[in-house]
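Scroll down for the structure; my scribbles are underneath it.
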Amino acid sequence: MTLLTHFNTGDTAWVLASAALVLFMTPGLALFYGGLSRSKNVLGIMMQCMFCIGAVSIIWAVFGFSLAFGKDVGGGIIGNLGLAGMGSNHTLIPGLSHLAVSPLAFGVFQMMFAVITAALIAGGGADRMKFAGFCVLIVVWTVLVYVPIAHWVFSPNGWLAHQGVLDFAGGTVVEINSGFSALGLAIVLGKRHGWPREAMVPHSVPIAVAGAGILWFGWFGFNAGSAGAANGVAVHAFLNTQLAACAGLIGWLIIEKVTTSYATTVGAISGAVAGMVAITPCAGFIGTMPSILIGLLAGLICASAVKLKFKFGYDDSLDVLGVHGVGGLIGTILLGLFASVAVNHGGANGLFYGGGLHLLGVQVLAALVTAVYALVVTAAIAKLLDKTIGLRVSPDDENIGLDSSQHAENAYSIGSSQGHR
Amino acid sequence: MTLLTHFNTGDTAWVLASAALVLFMTPGLALFYGGLSRSKNVLGIMMQCMFCIGAVSIIWAVFGFSLAFGKDVGGGIIGNLGLAGMGSNHTLIPGLSHLAVSPLAFGVFQMMFAVITAALIAGGGADRMKFAGFCVLIVVWTVLVYVPIAHWVFSPNGWLAHQGVLDFAGGTVVEINSGFSALGLAIVLGKRHGWPREAMVPHSVPIAVAGAGILWFGWFGFNAGSAGAANGVAVHAFLNTQLAACAGLIGWLIIEKVTTSYATTVGAISGAVAGMVAITPCAGFIGTMPSILIGLLAGLICASAVKLKFKFGYDDSLDVLGVHGVGGLIGTILLGLFASVAVNHGGANGLFYGGGLHLLGVQVLAALVTAVYALVVTAAIAKLLDKTIGLRVSPDDENIGLDSSQHAENAYSIGSSQGHR
Amino acid sequence: MTLLTHFNTGDTAWVLASAALVLFMTPGLALFYGGLSRSKNVLGIMMQCMFCIGAVSIIWAVFGFSLAFGKDVGGGIIGNLGLAGMGSNHTLIPGLSHLAVSPLAFGVFQMMFAVITAALIAGGGADRMKFAGFCVLIVVWTVLVYVPIAHWVFSPNGWLAHQGVLDFAGGTVVEINSGFSALGLAIVLGKRHGWPREAMVPHSVPIAVAGAGILWFGWFGFNAGSAGAANGVAVHAFLNTQLAACAGLIGWLIIEKVTTSYATTVGAISGAVAGMVAITPCAGFIGTMPSILIGLLAGLICASAVKLKFKFGYDDSLDVLGVHGVGGLIGTILLGLFASVAVNHGGANGLFYGGGLHLLGVQVLAALVTAVYALVVTAAIAKLLDKTIGLRVSPDDENIGLDSSQHAENAYSIGSSQGHR
Amino acid sequence: MKLISAIVKPHKLDSVKDALQAIGVRGMTVSQVQGFGRQRGHTEVYRGAEYTIDFVPKIKVEILIADDSETLVVNTILESASSGSIGDGKIWVTPVEDAVRIRTGERGNDAIDQEQGR
Amino acid sequence: MKLISAIVKPHKLDSVKDALQAIGVRGMTVSQVQGFGRQRGHTEVYRGAEYTIDFVPKIKVEILIADDSETLVVNTILESASSGSIGDGKIWVTPVEDAVRIRTGERGNDAIDQEQGR
Amino acid sequence: MKLISAIVKPHKLDSVKDALQAIGVRGMTVSQVQGFGRQRGHTEVYRGAEYTIDFVPKIKVEILIADDSETLVVNTILESASSGSIGDGKIWVTPVEDAVRIRTGERGNDAIDQEQGR
Ligand SMILES: Nc1ncnc2c1ncn2[C@@H]1O[C@H](COP(=O)(O)OP(=O)(O)O)[C@@H](O)[C@H]1O
Ligand SMILES: Nc1ncnc2c1ncn2[C@@H]1O[C@H](COP(=O)(O)OP(=O)(O)O)[C@@H](O)[C@H]1O
Ligand SMILES: Nc1ncnc2c1ncn2[C@@H]1O[C@H](COP(=O)(O)OP(=O)(O)O)[C@@H](O)[C@H]1O
């Protein structure tokens, strides 16, 4: 148990704890999504989330990390295979030589990001995807969608990074990406039978609350861990995450109260998630009060955006676009206004902090590029798979539910074997 | 992502992790309380917990932290507004210049304490509070009850702190405060219809166990994080928390077994919570064996104290007084006996460790002052709100349950849309 | 709040966080086991898990830690009572003078291991054990089975440690031990009524998924925390844990798909657990790609091993042998092939890394000794208790279920007090 | 014998049960049902969309009685289950040709645990 | 009066309800049941073992009607609940001797909210 | 036709189902109910308070049969559901005027899947 290398122990402790927290978010998402689903489709969505952990992690370790963070093959489009297998504690990641922690720690932390982004998009196609089709989809999507975008933005050699885009913890790479990928998936799959006529309401809000609690908890690792060290930037990111979540929660409840005269529990947890989504790109770059403002706006706007699907007729079952897509856009773009080097010397100043329009322009560019790329490529992959191996279950199987038809399971069994006196 | 300031990374990592853990406790409490509620009131109490996170955090950031930890306005009663907005990593908190971590990290850690204390008192008025009324109550209560008591005890310039009171992690500020605030609320609201004639038993013990597990996990951040650093005191606080929880669990089961001849699961988790409540003020000030003793006493006494409500006729629905109020008294007062500078140079010696009666006296004083202040002021706020905007739901709404009447939601929906072959 | 001692803060932060994570695993296990149980026995198994936390922690603090890690009484068989009460931050643990963290931190981290190992074996006797009998069993078992094996392997003065056995985080002490102890218990108790004719299927898979998510999250503390520091070995252990879990998940699903043509959610989470079990002894000693391989093998083999009980007729209700016993054997033995000092200077080289057959031999020896000792001694204790105070409930009580017969509780109550309009 | 089936509001179950016990009824069987009728279901809000839930939770009580108790039992339920507001429910009476107590094999009125003379 | 009891597939409930409303039925009571019949239950897999679940989730609909509506109601259910595949369920009709509306005490046909002339 | 309704102990369901299958019954409908009767509910302990739960979980089995099978079916349930201890439950028989198989529209005895000659 001797030391191999001499990274700062406090930074290492924080990054490892953060990586564990981000991993925890995906089972949390499984509960969040599962609770919001109907009781015949609970395991379908949970299984998809769990599968994403399994498959995406292995892809990431074997070559995904390398494609994302390896030496650029030119033009900032994609990395090479030099980091295949993830290397060791001594490996050098191009452009990230100043990491406070082991490159392996950085790599595993980033692995968890790829995992949850993949799991998020499952929400757009909930209740009607073949499990086998989903498995193939997610593998292809990770390689063709996630990895390139991660390279563009997170690798210092990516082309968007070169433009000076700021994305602290994945407003583009994770949030806009998952939101618009889910939209592409939802469009290709088509509407669920009965939607939107039939009420498709959560089968267990307490389970969704449990999931949201885990997401909230994990998001501290997601955002504050993205500082890559246990430093003052991490502290800012931590505090901002909390405040944006809280303001998002309040914002969503305000919209609900005004439009329906009720404030709901699902609204509260959705608002908190929306706030955290929006603060994700900003967490380590902006001050405390702007964070409250961005969170509040995210709550107000996302609570309205989730209704767009009824207007435009796409069945984004679990509102990935409405919460992650829209929330990601809000945060990514507003960062162009509120970024401040007073908070983070490594960042930039936004419009309101004397930085002019440059940052805002880059942020808008990155947001749009990510949205369009994710939407188009994901839709294309989904279409191709649907035409070949089939992506949508049969009407009968949809009727019975994914749990039974895809997995030969029931979420709840209180059947004949329940013996009482 | 450059460093702004140069705090110790290990201490920062620990305090941030601890802050995340303490935040996680409130969703955990939502599950704990929700599981113990009847199925028509699950979301009512969960929503109240979630709202507390949202509202109290924002209040804390905007001015609450400042009132609690800002420069004293005189007499140790309350802080000024100098820290409004929470400042930055460079801010100086009066009397806490020796902090090992950024004042912002300290501030956000303390934020989580305010949040959970507020959420705890919801348990005293469970099943019968209007949501709108509760929202106002919690805002006013945070300002008039939580913030002052936090200043008195946690700020080095508070009047109780000046007396030399020891409260490692909130035996007074969190536990006694929430217990007696809940009592005040319960008395003003009056009994639930049917109580205590009707059995009002937990609708889902597994959910309560999940919540208790999260509370237990989070309590390590609560107590050991209160060391403010990853040092030997934190280690003691960590170990003591575990042992008191365990002894509390055993203690409660003993009482149950003796009085009802059954040991119950709800008893086990209640006992663990009681043990952790009692060790909260003591965690970093006492030794290992006294911790077991205090935990055991808390389990034994709280298991008996929860029956007092039947005798005195106040409907403290979720036993906030019986567990947090009484457990907090036990820990706060026994610390006067068991505190030892051998464990913590920054503490004091209690009666059994050669410190004489002084500490015991101060502890009793602080316990009583907190109990009386919390009870009276909370009852007054509740009464005022009940007379004005209304705090108790109509008998019909109480009958239907809070989920449906206050939030237009059902915790569980297994209705017509559950399709099977 | 002054510092008592001057341990590295980053290492301390990591070990404390890890200890909290490992504690969290036991409530997680309660959910995992509880979800897999039938609805009449949910609280029975949850209660057993919670009781293990309470009882084993206290035993550990009072004398268990000392017997396991205290000065050897001779022959590497057991420690003495020199560390009874766990000592202080200044205590010296024989053979572990180079600890990066306080011995108390190490002691409480190890405490959590004893707790979860005890809780694991409850799964072998699920649905039919008297609570009182289980309580006595677990106390005796901790002293006679867990503590000695921990001494043999984890104490540098244990006889197996002297042989050079490698066990990073408990492949023998925790996994093989719990698996074979559970087998002994299952055999002595006999089959459940109706098994295997009646389908005894999970009453709530979502709860089991929640539990598995917590186990996964906690396992990072379990394995990476076993580095005892926030160093490069911890990073390796962390990454390997993730990869083995993922590969195990995939492996189990492959077997299921091939043999039943369905991939199930319970299979996914079981496979992840199997992968983590197998990587437990290896985590800080092997490279990234071998970890994927070992995880995959664990998934494939354990998915098959859980069917052995139908063949041999022992009712290992929750598959502790099939997952933990077999997974532990896989990891412990394969470490003899894959261990590499390139990953950990404190380790050794296995057969494939030029280390010859020595390590493999020692690993096989340790695996067998642990398996036989755990099986025989646990069966003997169980037999003795069954003959004296009684370990198996009456057929009637088994019929009614443990929740009602042992604890006078129901997991779920949606009875008459559920009022609606 | 008759089978009296009553659909009542869930929170009325306790008072119905108590009233029936008071008149000597010693057994009944209860189940959770969903009612559809004049009483409209409540509104639910889910992520901005409002839904009306057509079905309202109700409790069904089934009581097997001797012929001569019909009026008394029906009236007792009527009084104890009524709140005067929409959705109070229905009672219906169906003929029963035979009844058996499983434990003893007793048949007819003997299978029912009604108290005599009431 | 008659009591019509129908066991239907869960996903047919909405169409049955709509069809009944269309012919003027204003009330019904619904419950979750498990059916056993020709339709075999599905297979479940649990840790490598495959189980056949004998019971299939069904919905029971109970409708109290005036005598003259029997044919119409039965036929309406028949049409709206049929999918033509095994397991579509059963309908049975039992005589009802009396019915009461708890709220008002109305008896007989008055206790039922059926629309006139249909 | 007749409708046989039986309230049985939950753990007896499997043996009842098997016994009925053995005599040729091919269909039944089962639901979860709460029983109230001589058998007292169990005690529950919640935070120091002890409660008696009046209602005991039971299973209701409903079987539609041809008239001539009544005695056989009732006796079969009687045997397979009896444990000899209090709370074994009740069986009752009600007349059925008509039965329909939804899938085919078959009526009367044809709607029931009973095996011939038993
Ligand atoms: N025709 C019917 N057949 C069966 N159940 C009915 C019928 N009409 C009403 N019910 C039941 O009675 C309940 C109350 O009926 P509703 O029309 O809402 O109010 P009220 O009985 O006060 O007129 C319904 O929820 C339903 O369960
Ligand atoms: N004899 C019976 N008594 C009561 N219910 C029955 C009977 N036979 C069938 N059922 C109910 O009808 C449902 C459908 O019956 P099944 O035999 O599967 O298909 P089908 O009605 O298409 O012939 C069953 O699931 C059960 O609920
Ligand atoms: N009069 C009744 N009407 C309807 N159901 C009854 C009646 N009496 C008993 N039951 C049902 O039968 C079950 C068993 O009855 P109980 O009196 O406890 O035992 P036993 O049948 O052995 O005398 C009860 O739980 C209840 O479900």
Side-chain angles (χ1 to χ4, degrees), chain D residues 1-10 12-13 15-16 19 29-41 51-62 65 67 69-71 73-97, chain E residues 1-8 10 13-34 57-67 73 76-77 80 92-115:
Chain D
M1 286 152 293
K2 308 283 179 198
L3 180 70
I4 313 283
S5 301
I7 310 294
V8 303
K9 292 190 174 175
K12 287 290 182 186
L13 175 60
S15 73
V16 171
T29 298
V30 161
S31 52
Q32 295 194 319
V33 297
Q34 306 282 323
F36 176 86
R38 273 189 203 208
Q39 179 194 5
R40 308 297 356 170
Y51 298 95
T52 307
I53 303 301
D54 287 329
F55 292 98
V56 181
K58 300 280 172 197
I59 294 284
K60 181 180 185 184
V61 184
E62 286 172 301
I65 51 158
D67 289 336
S69 320
E70 178 179 336
T71 316
V73 168
V74 169
N75 287 341
T76 302
I77 297 176
L78 206 51
E79 276 159 35
S80 57
S82 169
S83 72
S85 62
I86 274 197
D88 273 353
K90 305 272 182 278
I91 307 173
W92 61 78
V93 181
T94 46
V96 170
E97 300 184 346
Chain E
M1 286 152 295
K2 308 283 178 198
L3 180 70
I4 314 283
S5 301
I7 309 294
V8 303
L13 175 60
D14 276 340
S15 73
V16 171
K17 190 197 68 189
D18 293 347
L20 288 172
Q21 275 194 281
I23 59 158
V25 170
R26 289 286 163 267
M28 70 191 80
T29 299
V30 160
S31 52
Q32 297 194 317
V33 297
Q34 307 282 324
K58 299 281 172 195
I59 294 284
K60 181 180 184 183
V61 184
E62 285 173 301
I63 315 141
L64 198 61
I65 52 158
D67 289 334
V73 168
T76 303
I77 297 176
S80 57
W92 63 78
V93 182
T94 46
V96 170
E97 301 183 346
D98 199 6
V100 192
R101 185 194 304 278
I102 293 177
R103 173 163 47 91
T104 57
E106 287 163 289
R107 299 237 164 191
N109 282 351
D110 294 341
I112 314 178
D113 281 308
Q114 235 169 318
E115 279 187 18

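Order of the sequence lines fixes the chain letters, A, B, ..., with proteins taken first and strands second; residue numbering starts at 1 for each chain.
Looking at D:Ser83, there are no atoms closer than 4.5 Å to chain E (heavy atoms on both sides), in backbone or side chain. Contacts of D:Glu79 with chain E are absent, with no heavy-atom separation under 4.5 Å from either backbone or side chain. Residue D:Ile4 does not touch chain E at all, counting heavy-atom pairs closer than 4.5 Å. Contact annotation for E:Glu106: neither backbone nor side-chain heavy atoms come within less than 4.5 Å of a heavy atom of chain D.
Nearest heavy-atom pair across E:Ile59 and E:Val30 is CG2-CG1, 3.6 Å. Closest of all the heavy-atom pairs between E:Pro95 and D:Thr94 is O-CG2, 3.2 Å. Considering all non-hydrogen atoms of both residues, E:Val100 and E:Ala111 come closest at C-CB, 3.7 Å.
Neither side chain, D:Gln39 nor D:Lys9, offers a donor N or O lying under 3.5 Å from an acceptor on the other.
Note on E:Glu62, E:Arg103, E:Met1, E:Arg101: by heavy-atom pairs under 4.5 Å with chain D, the leading option is E:Arg103.
With hydrogens and angles disregarded, no donor-acceptor distance shorter than 3.5 Å links the side chain of D:Lys12 to the backbone of D:Ile77.
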